Amino acid sequence: MSYRSVFRDGLFAGRHVVVTGGGSGIGRCTAHELAALGAEVALIGRKAERLAAVAAEIVDAGHLRPSTHVCDIRIEEEVERAVAAILGVHPRIDGLVNNAGGQFSAPLEDISQKGWETVVRTNLTGGFLMARECFRRSMEAHGGAIVNVIADMWMSMPTMGHSGAARAGMLNFTMTAAVEWAYAGVRVNAVAPGWIASSGMATYPEDQRERLRNLWRHVPLKRLGTESEVSAAIVFLLSDAASFISGSCLRVDGAAPNAKTNLPLPDHQRSEPYYGFPLEQPPDFLRRDDRGA
């Protein structure tokens, strides 16, 4: 089945786009949409088998085979090698989706220095290294667009303070890079997903699933988001339609940060989710009968 994108066919024909964290979740979905729109995609991730599986899915959907590159974005030398390898296959890099990330749930007092630094390196340092290398090796000469995928961290992130600090840093990096790299024709923006019924939700422990299952109650739109809805925001910011947008952040969160805790949210089922990706599979415990997605 073909990706049901809202964007026109061939939008990214002839363009080369790197997607980090491309082996699952939002990265996988975004890679499919970009390929469906004609992009030649380079997938980056830590697990070769996952990247190969996504590349095979994209080929099965009738699109150009992505190149795949195993890389731990937290390690500078690996990032340098991966970007060099991408440019050995692709003539240039037109777009970067800095999607790779990860965290674990814990109160601040229980987070070790190692745990803190691991999450910050994953969600902040790795994104910086990828953006810097893509800029140095290609975008400075050819221009391009970078989209950094951060998170809904506006009102704090209790039990995920390491991730909140890193994502806030990535937003500031986005704004700074938009200024410093504008002379080269490079736009830098961010997308901040809220609670998304992505495959990544399935990685959280069983004892947290009841809380995750009920997150929709705190969203004014009364549901969780879909991977396709995040991908659409990313694709828009990569596209020519966003050619005068830089240094901005597009929230995809159903207005959850705007909800006031002292006011009840009216219950309703008026917000219908958008599924453009036919292979999108929310975790079983977040199915629609749980009011998940």
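Predicted model only: the values in this text are computed from it and were never measured.
For Ala56, there are no side chain to side chain contact (heavy atoms under 4.5 Å, CB included) partners, not counting sequence neighbours.
Taking 4.5 Å as the limit, every side-chain heavy atom of Arg46 sits out of range of all side-chain heavy atoms of Ile73. Residues Glu57 and Arg28 have side chains in contact (heavy-atom distance under 4.5 Å, counting atoms from C-beta outward). Side-chain contact between Ile86 and His69 is present, with at least one heavy-atom pair separated by less than 4.5 Å. Between Leu11 and Ser239 there is a side-chain heavy-atom pair separated by less than 4.5 Å. Between Thr174 and Cys249, every side-chain heavy-atom pair lies at or beyond the 4.5 Å cut-off. Within the 4.5 Å cutoff, no side-chain heavy atoms of Cys71 are placed close to those of Arg81. Side-chain contact between Phe7 and Phe236: present, with at least one pair of heavy atoms (C-beta onward) separated by less than 4.5 Å. Between Glu140 and Tyr183 there is a side-chain heavy-atom pair separated by less than 4.5 Å.
Put simply, CZ on Arg167 and CZ on Phe173 are 14.5 Å apart, with the number rounded to the nearest 0.5 Å. In this structure, CG in Asn148 is found 3.5 Å from CE in Met170, a value given to the nearest 0.5 Å. Within the model, atoms CG of Leu43 and CZ of Arg65 stand 10.5 Å from one another, a figure rounded to the nearest 0.5 Å. Taking CD from Glu280 and OG from Ser198, the interatomic distance works out to 7.5 Å, rounded to the nearest 0.5 Å. Taken to the nearest 0.5 Å, the CG atom of Leu224 stands 8.5 Å off from the CG atom of Leu212. Taking OG1 from Thr118 and CZ from Phe104, the interatomic distance works out to 7.5 Å, rounded to the nearest 0.5 Å.
Side-chain atoms of Glu133 never come within 3.5 Å of backbone atoms of Val83 as a donor-acceptor pair (strictly under, hydrogens ignored). Of the possible donor and acceptor atoms, one in the side chain of Asn214 sits under 3.5 Å from a partner among the backbone N and O of Glu210. With Asp152 contributing its side chain and Asp253 its backbone, the two residues share no donor-acceptor pair below 3.5 Å. Judged by distance alone, the side chain of Lys222 and the main-chain N or O of Arg270 form no donor-acceptor pair under 3.5 Å. Looking at Ser231, its side chain never comes within 3.5 Å of a backbone N or O of Glu227 through a donor-acceptor pair. Not a single donor-acceptor pair under 3.5 Å links the side chain of Ser228 to the backbone N or O of Tyr275. Side chain of Thr226 to main chain of Tyr274: a donor-acceptor pair is present (N/O by atom type, distance under 3.5 Å, no hydrogens or angles). Of the possible polar contacts, one joining the Ser246 side chain to the Val188 backbone as a donor-acceptor pair under 3.5 Å is found. Checked by atom type and distance alone, the side chain of Asn123 never pairs as donor or acceptor with a backbone atom of Ser163 at under 3.5 Å. At least one donor-acceptor pair under 3.5 Å links the side chain of Thr176 to the backbone N or O of Asn172.
Contact record, Gly22 with Leu51: C-CD2, 4.1 Å, taken as the closest heavy-atom pair. Nearest heavy atom pair, residue Ala52 against residue Thr68, reads N-CG2, 4.5 Å. In plain terms, the two heavy atoms of Ala259 and Pro220 that are nearest each other are CB-CG, 4.1 Å. For the residue pair Ala35 and Ile58, the shortest heavy atom distance occurs at CB-CG2, 3.6 Å. Between Pro91 and His16, the closest heavy-atom pair is CD-CE1, 3.3 Å. Annotation for Arg4 and Pro278: closest pair NH1-CB, 4.1 Å, computed over non-hydrogen atoms.
The number of heavy-atom neighbours closer than 6.0 Å to CZ of Arg74, taken from other residues, nucleotides and ligands shown, is above 12. Surrounding CD of Glu49 are more than 12 heavy atoms belonging to other residues, nucleotides or ligands, all under 6.0 Å away. The environment of Asp110 atom CG is dense: over 12 non-hydrogen atoms of other residues, nucleotides or ligands sit within 6.0 angstrom. Remark: Arg137 CZ is packed, more than 12 non-hydrogen atoms of other residues, nucleotides or ligands lying under 6.0 Å away.
Between Trp116 and His162, the two ring planes are tilted [angle within 30° to 60°]. Between Phe277 and His32, the ring-plane angle classifies as tilted under the 30° and 60° cut-offs.
A continuous path of Ile, Leu, Val, Met, Phe, Trp and Tyr side chains, each step under 4.5 Å between heavy atoms, connects Val147 with Ile245, placing both in one hydrophobic cluster. Placement of Leu221 and Trp154 within a single hydrophobic cluster is found when ILVMFWY residues are connected by side-chain heavy-atom separations under 4.5 Å, directly or transitively. Leu96 and Leu250 are assigned to two separate hydrophobic clusters, defined by single-linkage of ILVMFWY side chains at heavy-atom distances under 4.5 Å. By the rule that hydrophobic residues join a cluster once side-chain heavy atoms approach within less than 4.5 Å of another member, Val252 and Val219 end up as members of separate clusters. Val179 and Ile150 fall into different hydrophobic clusters, where Ile, Leu, Val, Met, Phe, Trp and Tyr are joined by side-chain heavy atoms under 4.5 Å apart, directly or via other members.
No salt bridge links Glu272 with Arg223; every basic N to acidic carboxylate O contact stays at or beyond 4.0 Å. Here Arg132 pairs with Glu76 in a salt bridge; the nearest charged N to carboxylate O distance falls below 4.0 Å. A salt bridge links Arg15 with Asp240: the closest approach of a Lys/Arg side-chain nitrogen to an acidic carboxylate oxygen falls below 4.0 angstrom.
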Show your reasoning for whether side-chain contact (heavy atoms from CB on, under 4.5 Å) applies to Arg187 and Ile146.
-> CA-CA 6 Å; Arg187 296 184 298 102; Ile146 298 171; over 6 Å; no
Residues Val19, Ile44; criterion side-chain contact (heavy atoms from CB on, under 4.5 Å); working and verdict | CA-CA 6 Å; Val19 180; Ile44 283 186; over 6 Å; no
Carefully, step by step, assess His90 and Glu40 under the rule side-chain contact (heavy atoms from CB on, under 4.5 Å).
-> CA-CA 8 Å; His90 301 262; Glu40 296 188 42; 4.2 Å; yes
Could you please spell out the steps behind the side-chain contact (heavy atoms from CB on, under 4.5 Å) verdict for Asn258 and Arg251?
-> CA-CA 11 Å; Asn258 304 103; Arg251 287 170 32 196; 2.5 Å; yes
CA sep, side-chain torsions, deciding dist, call: Thr20, Asn99, side-chain hydrogen bond (donor to acceptor under 3.5 Å, both in side chains) | CA-CA 5 Å; Thr20 71; Asn99 165 76; 5.3 Å; no
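Here the rule is side chain to side chain contact (heavy atoms under 4.5 Å, CB included) with Val97, and of Val18, Val235, Leu238 only Leu238 fits it.
Aromatic pair His63/Tyr3: ring centres not closer than 6.0 Å.
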